[in-house]
J.: 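Can you keep this structure in mind? I'll have questions shortly.
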2 protein chains.
Amino acid sequence: MGNAPKERRTAKERTVDRVYAEVREQILAGTWGPESRLTEEMLAERYNVSRTPVRAALHKLASDGFIEMIPRAGAVVRARTLAEAIEIYDVRSLLESEAAGLAARRRSEEEVATLYKIADEMEAIAEKSGQVPALSQLNQELHHLILRASRNRTLEESALRLIDIGFVINTYTNFRRTDMARTLADHRALIQAIEAQDEIWASSVMRAHIATTRNALKSTMRP
Amino acid sequence: MGNAPKERRTAKERTVDRVYAEVREQILAGTWGPESRLTEEMLAERYNVSRTPVRAALHKLASDGFIEMIPRAGAVVRARTLAEAIEIYDVRSLLESEAAGLAARRRSEEEVATLYKIADEMEAIAEKSGQVPALSQLNQELHHLILRASRNRTLEESALRLIDIGFVINTYTNFRRTDMARTLADHRALIQAIEAQDEIWASSVMRAHIATTRNALKSTMRP
DNA sequence: CGAAGGGCATTTGGATCCAATAAAGAAAAG
DNA sequence: CTTTTCTTTATTGGATCCAAATGCCCTTCG
C-alpha cells in the first residue's frame, strides 16, 4: 500500500459541485429570497458554464429542499410557511437531542476541546462585533460536531439535511441580541453535559435549546 | 377558476422519472444486489433512452442512498453493513414512534378504517400464500399511512427516506414465518392504539415493533 | 523473470443542438 | 369593450458529440 496518490485533493472540482455550492450560498445568504425564479440559462451565463451542470445542480438543490422544480416552468426558491418551519424544528429536536445523548456517551477528549473552542469564539464575537454571519457559521459548526460525535452517520445525515434548510429560515432571526445570551448559555451547558458524559443532561439541554429557537420563529415569522 | 385543465394526469411521464423508478425497483427486488456495477451506457441501452436521463436518475438514486457514485469510475449498488443497518433502524424507531404518537392524536376515522383494511389483508395473505412481495408492499403502505396521519410532512419525508433504503436490506428477512405472527400482532395493537387516540400506547408499540425488526437483522446479516 | 512506464479502452463530465410544452400576448369576432 | 382562440416566446427535457480522467494491459528494459 505504499502508493502515493500524488495529492488527490487537487482533483479539479467538478463544475456541477461548484455551481451547487455557489447557488446554495446565495440562497442561504438571502441574495435570492423565496419565490425568486432561477432559470437554467441565467445561471449558466452567470457562472460561464453550459446548462448541463446547472441542471444537475438545480436537481440536487431541489432534492435537498432548497428550491422547487415546477415541471416545465422553472425553479423557484422554496418559501417556508411558519407551520413548516415549526415542523422542521420539531423533528430537529427529536434527532439532535438523541444525538446529544449519544455524543455524551461516545465523545472523545479532543471533540470536547473543539466544542469549547467554538463556544469561546462565539462569545468573543457576540461581545465585540456581533457579526451575524460569523456567529451563524460557528453555531452550525457546533451542531455539526455534536452530530458527528454521536457516531451515528444515519442520524447525522438526517439531522444535517434539516439544519441546512432550517438556516434558510432563521439565519437572521436566531441571533438577535436578546436571544444571544440564552443561546450562548445553552451551548455552554450542552458542552458541559457532553464533557461529563451525562446523556440525559445533554439531550435535555439540546431539546430545550432547539425549542427556544423554535419559539423565536413565532415572533419573527408572520404567515 | 373555471378552467378545466383537461386531465393533466396524462402529462407524459418524464423518462428520467421512469428510469429512476425502474432501477429503484430492480434494486429493491434484489435483481441488482450490492456491489453491482451500473454503467450509464448499459442502462441507456436497456431502457432505450439516451444517457442524459439515465445520468439524472443515477444521481437521484445516489442522493437517496441507493447507490454510490465513484467519481470517475461508475455507480455501484450500495452495500450496507450490519452496523449501518442497525443505525437506520435506530433512527427509524425515533422518527416513527413520534409519528405514531402524533397519528394517534390527529388521525381521521377514514384513516383508521384503511389501516384495519391493510392489516386484514396482510393476515389473509400470510395465512394463505405467504407471498413475501405482497406482504412487503402492504407493510410499507401501513407505515406510510401512519406517517401521513401524523400530519407532519417533514417527519414523514425524513422517515420515508430511511424506510426506503431499509427495504433494500430487509425485504426477505422480516417476513420469515417465525416473525410473521409477531409482526401481525404488533400491527393490530398499533392500529388499536391509534384508534383509541392513545399517544403513549401508539408510540410505545411502534418503538417495540421496530426494535423487534431490527433485532431480526442481527441473526440474518453476517458482516 | 520481474518491475516500471506508456498507451489504450472504458466511463463519466460538460457543451451544444433539437423537441416539446406551457404561458403570455395579440388579433379577431361577438 | 370583452372574450376566445391562435400564435409566438420562454424554458425545460432529451439526444448526441466531445473532452478528460482513470484503470488496465502490454511492452520493454534491467
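We name chains A, B, ... by the order of the sequence lines, and we start the count at 1 in each one. What you are looking at is a predicted structure, and each value in this text was computed from that prediction instead of being measured.
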J.: Without decimals, in angstroms, what is the distance between A:D17 CG and C:dT12 C1'?
T.: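 To the nearest whole Å, that distance equals 13 Å.
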J.: Could you state the CE-P distance from A:M69 to D:dT11, rounded to the nearest angstrom?
T.: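 Nearest whole value for this atom pair: 14 Å.
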J.: By the 4.0 Å heavy-atom rule, please label B:T52 as base, sugar-phosphate, or nothing.
T.: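 Base, at least one base heavy atom under 4.0 Å.
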J.: Rounded off to whole Å, could you give me the CZ-to-C1' distance for the A:R51 and C:dC18 pair?
T.: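 Between C1' of C:dC18 and CZ of A:R51: 11 Å.
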J.: Taking atom P of C:dA15 as reference, at what distance in whole Å does atom CD of A:E45 sit?
T.: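 Between P of C:dA15 and CD of A:E45: 14 Å.
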J.: Under 4.5 Å between any side-chain heavy atoms of B:L147 and B:I163, yes or no?
T.: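 B:L147 reaches B:I163 side chain to side chain.
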J.: For residues B:L142 and B:L138, determine if any side-chain heavy atom of one lies less than 4.5 Å from a side-chain heavy atom of the other.
T.: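 No; the side chains remain at least 4.5 Å from each other.
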J.: Near DNA chain C, under 4.0 Å by heavy atom, which residues of residues 33-41 of chain B?
T.: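 Of all residues in residues 33-41 of chain B, the ones placing a heavy atom under 4.0 Å from DNA chain C are B:R37, B:L38, B:T39, B:E40.
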J.: Would you indicate, yes or no, if C:dA15 has its OP1 or OP2 atom less than 4.0 angstrom from a side-chain nitrogen or oxygen of A:S50?
T.: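 The answer is yes; a side-chain N or O of A:S50 sits under 4.0 Å from OP1 or OP2.
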J.: Between D:dG13 atom C1' and B:K60 atom NZ, what is the distance in whole Å?
T.: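 For the pair B:K60 NZ and D:dG13 C1', the rounded distance is 16 Å.
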J.: Just checking, is any N or O donor in the side chain of A:Y20 or A:D64 under 3.5 Å from an acceptor N or O on the other one?
T.: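 A pair is found: one side chain offers a donor N or O, the other an acceptor, under 3.5 Å apart.
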J.: Tell me if the side-chain of B:R55 makes a donor-acceptor pair with the base of D:dG14, cut-off 3.5 Å, by modelled atom types.
T.: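 Checked by distance alone, the answer is no.
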J.: Considering residues at least two apart in sequence or located in another chain, which fulfil the salt bridge (Lys or Arg N to Asp or Glu O under 4.0 Å) criterion with A:E45?
T.: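 A:E45: no salt bridge (Lys or Arg N to Asp or Glu O under 4.0 Å) contacts found.
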J.: What is the distance, to the nearest angstrom, from the CD atom on B:E13 to the P atom on D:dT12?
T.: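 Going from CD in B:E13 over to P in D:dT12 covers 21 Å.
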J.: Roughly, in whole Å, what's the span from CG in B:N48 to P in D:dT16?
T.: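 So the two atoms are 11 Å apart, to the nearest Å.
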J.: Please check if any side-chain donor atom of A:S63 sits under 3.5 Å from a side-chain acceptor atom of B:S63, or the reverse.
T.: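 Yes, because at least one side-chain N or O of A:S63 sits under 3.5 Å from a partner of the opposite role on B:S63.
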J.: What is the ring orientation for A:H143 with A:H187, classed by angle as parallel under 30°, tilted 30 to 60°, or perpendicular over 60°?
T.: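 The rings of A:H143 and A:H187 stand perpendicular, inter-plane angle above 60°.
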J.: Give the rounded distance in Å between these two atoms: CE of A:M42 and P of D:dT11.
T.: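 Those two atoms, CE and P, are 10 Å apart.
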J.: Does A:E22 have more than 12 heavy atoms from other residues, nucleotides or ligands lying within 6.0 Å of its CD?
T.: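 Buried by this count: over 12 neighbours within 6.0 Å.
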